[in-house]
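Order of the sequence lines sets the chain letters (A, B, ...), proteins ahead of strands, with each chain counted from 1.
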Amino acid sequence: MNTSELPNLKIHLSQLMQQAVDQVMTSDTAISIEITRTKQASHGDYACNLAMQLAKPLHKNPREIATMLIEAMPASPSLEKVEVAGAGFINFFIKNTVKQAYLYHILQTGSTYGFNDAGKGKKIQVEFVSANPTGPLHVGHGRGAAFGASLANVLSAAGYSVTREYYVNDAGRQMDILALSTWLRYLALNDVHVPFPENAYQGEYVKDMARLIYQAHADRYVHEPARLLDGLPETAHETAVNTDEDLDQLIANAKKILGQDYAYIHNLVLTEQLGDFRNDLMEFGVEFDTWFSEQSLFDNGLVAHAMQLLEEKKQLYRQDGAVWFRSTDFGDEKDRVVQRENGQFTYFASDIAYHLNKFDRGFETVINIWGADHHGYISRVKGALQALQLDPDKLKIALVQFAVLYRDGKKAPMSTRSGEFVTLRELRQEVGKDAARFFYVMRKSDQHLDFDLDLAKSQSNENPVYYVQYAHARICSVLAQWDGDPAVLVDANTDLLTIENELALLQQLIDFPDTIEAAAKEFSPHLVAFYLRELASEFHSYYNSTHFLVPEIALMEARLALITAIHHVLKNGLKLLGVDAPEKM
RNA sequence: GUGCCCGUAGCUCAAUUGGAUAGAGCACCAGCCUUCUAAGCUGGGGGUUACAGGUUCGAUCCCUGUCGGGCACGCCA
């Protein structure tokens with residue numbers, strides 16, 4: 001058999017059904033032919049529910065239609081038999097020889113088996129994490145990172161041309177607050193003490209950055225501390241401030257006092273934080289093609305440009321000294337401010353410019369991965385796209401629910417500002433990259449995730465990742481003991497793979513490309529995780545019931561060919577999820 | 001109060017998006033190492049899919065209502 005032209009069985013069957021439909025149907029009723037895998041062996045390998053769908057338009061009972069379709073269907077060398085079952089299902093039984101023949105295909109494609117061209121090379125962008133560079137990444141960001149990276153990998157494997165992007169919020173007030181926080185800590189190192197604002201960044205990493213400046217420049221950035229509390233209430237000398245207004249006044253004072261030097265502080269904290277993120281994410285197996293600066297949107301005039309376009313389309317108006325976008329025209333609950341009374345653009349304004357820019361860069365589909373707390377933001381961004389005459393359906397928002405941390409059976413507090421959180425780095429150090437990555441994508445992204453730290457730390461066999469990795473390691477171990485040339489396995493006589501376990505494994509291997517395609521289509525990398533666990537389960541069962549290194553050479557090589565194929569699929573699948581496939585455990 | 005998401009075994013989660021008898025893992029019970037790694041395997045009990053209606057050949061999935069949980073309702077990001 002020519003292995004390079006092996007048909008995708010689902011596509012093959014749907015083509016057969018299409019030809020049957022063309023024979024049976026005279027009118028051109030709109031139909032969609034869905035071929036699904038069956039759950040039970042007695043129902044064959046694949047099923048089609050078309051006859052039930054056609055019952056109403058044809059005014060006939062489904063079983064009768066099913067019989068007609070089967071009779072009209074061209075013969076296929078791949079099929080053992082086709083049956084009508086249940087209420088009108090058409091069940092397809094695939095010949096064992098076809099399943100066995102797939103093994104050659106898998107062995108030949110190896111590290112690329114499972115990849116397909118469902119995406120047809122369409123340019124797609126995945127923007128994820130995009131956390132404010134104002135403090136270390138925590139376990140909440142970890143979920144977005146794991147989900148986004150896995151989704152991007154899956155999309156890539158499904159034939160899309162994927163760009164992974166991180167949007168850096170380097171332009172806003174939060175960065176000013178971090179710069180101020182760092183400078184105040186630095187002043188303290190120089191014995192200039194001001195009560196540290198309650199709503200500034202409290203974390204230790206702020207003190208670390210302050211120390212960095214102090215060690216390199218001593219008191220170089222201590223200027224006129226007496227003016228620091230200008231315009232603030234008298235109490236600010238004794239008690240820490242805690243209102244937004246007071247904090248903004250402090251920032252303004254800092255900018256005035258530091259002058260040109262403010263940019264140095266601002267830039268240093270940004271560089272430090274981004275460097276830390278990049279390193280942290282890299283060790284988590286997450287890398288980006290583009291780090292896109294929000295500030296660059298202002299510097300390159302893209303925000304002004306976007307605002308001008310909206311203005312031309314009469315989508316902006318002035319009220320109470322601010323500039324508003326008519327998002328209610330596009331289904332939002334209320335209109336939104338794009339430029340504040342003080343002249344500053346809002347985050348929303350730069351976000352409009354950013355999304356306009358994404359489509360200007362030629363992406364056919366743009367995926368944003370957001371925390372679930374941002375869901376109220378969707379309608380205004382899509383509204384803005386619509387106002388700019390872009391198709392809002394080309395922007396897909398994948399909301400990732402929060403990961404709630406449990407320690408000693410109790411909820412762990414999570415607050416970035418107060419510095420009370422478990423960092424992603426700590427999580428990795430405690431449970432390992434692989435367990436963390438797998439754990440994160442074991443759940444559907446729109447489900448809340450209970451992250452039990454004690455369980456994850458325990459390194460016990462409750463961690464599902466070990467189960468899959470162990471299957472991989474066992475195969476490597478067997479192949480090492482065999483110590484033969486893997487090339488000979490391509491010529492193995494796969495007709496000898498006839499026991500139930502082996503045929504089930506073959507079918508699962510055949511399913512792998514379909515799983516990747518479904519995961520890409522549904523933005524559901526968890527399907528890959530579940531698939532891998534099921535494959536590992538079937539393999540472990542096989543391993544326990546059947547000996548591979550048997551004296552009969554032909555039988556041994558057939559079995560080794562099978563487990564080699566499993567080895568490839570486990571490895572390829574784990575790679576999509578950012579999990580290592582160790583050869584020994 | 002209004003909007004969005006969610007509610008499935010004791011616990012944590014699936015269910016090919018409307019398909020056949022709702023499945024796994026933990027936990028619990030009983031077995032399997034003289035044999036390629038026991039981080040494994042085999043068997044067992046566990047369910048009114050929160051509740052009540054509706055739509056149709058068929059509903060965990062779609063619609064309405066009730067209850068319960070999360071999130072969002074800024075000239076913050």
Counting only side-chain heavy atoms from C-beta out, which of [options] sits nearest to [X]?
| X | options | value |
| --- | --- | --- |
| A:His540 | B:rA77, B:rC75, B:rC41 | B:rC41 |
| A:Ala322 | B:rU35, B:rC75, B:rA77 | B:rC75 |
| A:Tyr347 | B:rU37, B:rU35, B:rA77 | B:rA77 |

How close or far is atom [atom2] of [N] from atom [atom1] of [X], stated in whole angstroms?
| X | N | atom1 | atom2 | value |
| --- | --- | --- | --- | --- |
| A:Glu127 | B:rA77 | CD | C1' | 13 Å |
| A:Leu549 | B:rU37 | CG | C1' | 13 Å |
| A:Phe325 | B:rC75 | CZ | P | 15 Å |
| A:Asp332 | B:rG3 | CG | C1' | 11 Å |
| A:Glu500 | B:rC41 | CD | P | 17 Å |
| A:Ile251 | B:rA77 | CD1 | C1' | 13 Å |

Donor-acceptor pairs under 3.5 Å, side chain of residues 556-566 of chain A to any protein atom, not counting sequence neighbours: which ones?
unit_1: A:Arg559; atom_1: NE; unit_2: A:Glu502; atom_2: OE2; d: 3.1
unit_1: A:Arg559; atom_1: NH1; unit_2: A:His547; atom_2: O; d: 3.0
unit_1: A:Thr564; atom_1: OG1; unit_2: A:Leu560; atom_2: O; d: 2.6

Across the strands shown, which category fits [X] at heavy-atom distances under 4.0 angstrom: base, sugar-phosphate, nothing?
| X | answer |
| --- | --- |
| A:Ser541 | sugar-phosphate |
| A:Glu341 | base |
| A:Glu538 | nothing |
| A:Asp320 | base |
| A:Ala471 | nothing |

Check A:Glu522 with A:Lys396, please: is the shortest side-chain N to carboxylate O separation under 4.0 Å?
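Salt bridge flag = no for A:Glu522 with A:Lys396.
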Just to verify, what does [X] make a side-chain hydrogen bond (donor to acceptor under 3.5 Å, both in side chains) with, not counting sequence neighbours?
| X | value |
| --- | --- |
| A:Lys56 | none |
| A:Arg336 | A:Asp332 |
| A:Asp335 | A:Tyr317, A:Thr328 |
| A:His540 | A:Arg474 |

With both pairing distances under 3.5 angstrom for Watson-Crick or G-U wobble, and | for a partner in another strand, the correct string for RNA chain B is (((((((..((((.....[...)))).(((((.......))))).....(((((..]....))))))))))))....
Donor-acceptor list for residues 507-516 of chain A side chains, cut-off 3.5 Å, not counting sequence neighbours:
unit_1: A:Gln507; atom_1: NE2; unit_2: A:Tyr46; atom_2: OH; d: 3.1
unit_1: A:Gln507; atom_1: NE2; unit_2: A:Asp511; atom_2: OD1; d: 3.1
unit_1: A:Gln508; atom_1: NE2; unit_2: A:Glu534; atom_2: O; d: 3.4
unit_1: A:Asp511; atom_1: OD1; unit_2: A:Arg37; atom_2: NE; d: 3.0
unit_1: A:Asp511; atom_1: OD2; unit_2: A:Arg37; atom_2: NE; d: 2.9
unit_1: A:Asp511; atom_1: OD2; unit_2: A:Arg37; atom_2: NH2; d: 3.3
unit_1: A:Asp514; atom_1: OD1; unit_2: A:Asn8; atom_2: ND2; d: 3.4
unit_1: A:Thr515; atom_1: OG1; unit_2: A:Asp511; atom_2: O; d: 3.2

Flag for A:Asp580-A:Gln469: side-chain donor and acceptor within less than 3.5 Å
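Side chains of A:Gln469 and A:Asp580: no pair found under 3.5 Å.
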Could I get a table of every N or O pair under 3.5 Å where one atom is in the protein and the other is in nucleotides 14-24 of chain B?
unit_1: B:rA14; atom_1: OP1; unit_2: A:Lys444; atom_2: N; d: 2.6
unit_1: B:rA15; atom_1: OP1; unit_2: A:His526; atom_2: NE2; d: 3.2
unit_1: B:rA15; atom_1: OP2; unit_2: A:Lys444; atom_2: NZ; d: 3.3
unit_1: B:rU16; atom_1: N3; unit_2: A:Arg37; atom_2: O; d: 3.3
unit_1: B:rU17; atom_1: N3; unit_2: A:Glu522; atom_2: OE1; d: 2.8
unit_1: B:rU17; atom_1: O4; unit_2: A:Glu522; atom_2: OE1; d: 3.0
unit_1: B:rG19; atom_1: N7; unit_2: A:Asn49; atom_2: ND2; d: 2.7
unit_1: B:rA20; atom_1: OP2; unit_2: A:Lys39; atom_2: NZ; d: 2.8
unit_1: B:rA20; atom_1: N6; unit_2: A:Asn91; atom_2: OD1; d: 2.7
unit_1: B:rA20; atom_1: N1; unit_2: A:Asn91; atom_2: OD1; d: 3.2
unit_1: B:rA20; atom_1: N1; unit_2: A:Asn91; atom_2: ND2; d: 3.2
unit_1: B:rA24; atom_1: O2'; unit_2: A:Arg533; atom_2: NH2; d: 2.8

Could you work out, with side-chain contact (heavy atoms from CB on, under 4.5 Å) as the rule, every residue matching [X], not counting sequence neighbours?
| X | value |
| --- | --- |
| A:Lys382 | A:Ile378, A:Pro392, A:Leu395, A:Ile397 |
| A:Gln295 | A:Asp170, A:Ala171, A:Ser293, A:Phe298, A:Asp299 |
| A:Ser545 | A:Asn501 |

Audit row: A:Glu333, A:Arg380, salt bridge (Lys or Arg N to Asp or Glu O under 4.0 Å) steps and yes/no
CA-CA 9 Å; A:Glu333 291 169 11; A:Arg380 78 188 73 165; over 6 Å; no
Output one letter per nucleotide in nucleotides 67-74 of chain B: B when a protein non-hydrogen atom lies under 4.0 Å from the base, S when only the sugar-phosphate is that close, - when neither is.
---SBSSB
Taking OP1 and OP2 of B:rC75, is either one under 4.0 Å from a side-chain nitrogen or oxygen of A:Gln319?
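Answer no for this pair, as no side-chain N or O of A:Gln319 is under 4.0 Å from OP1 or OP2.
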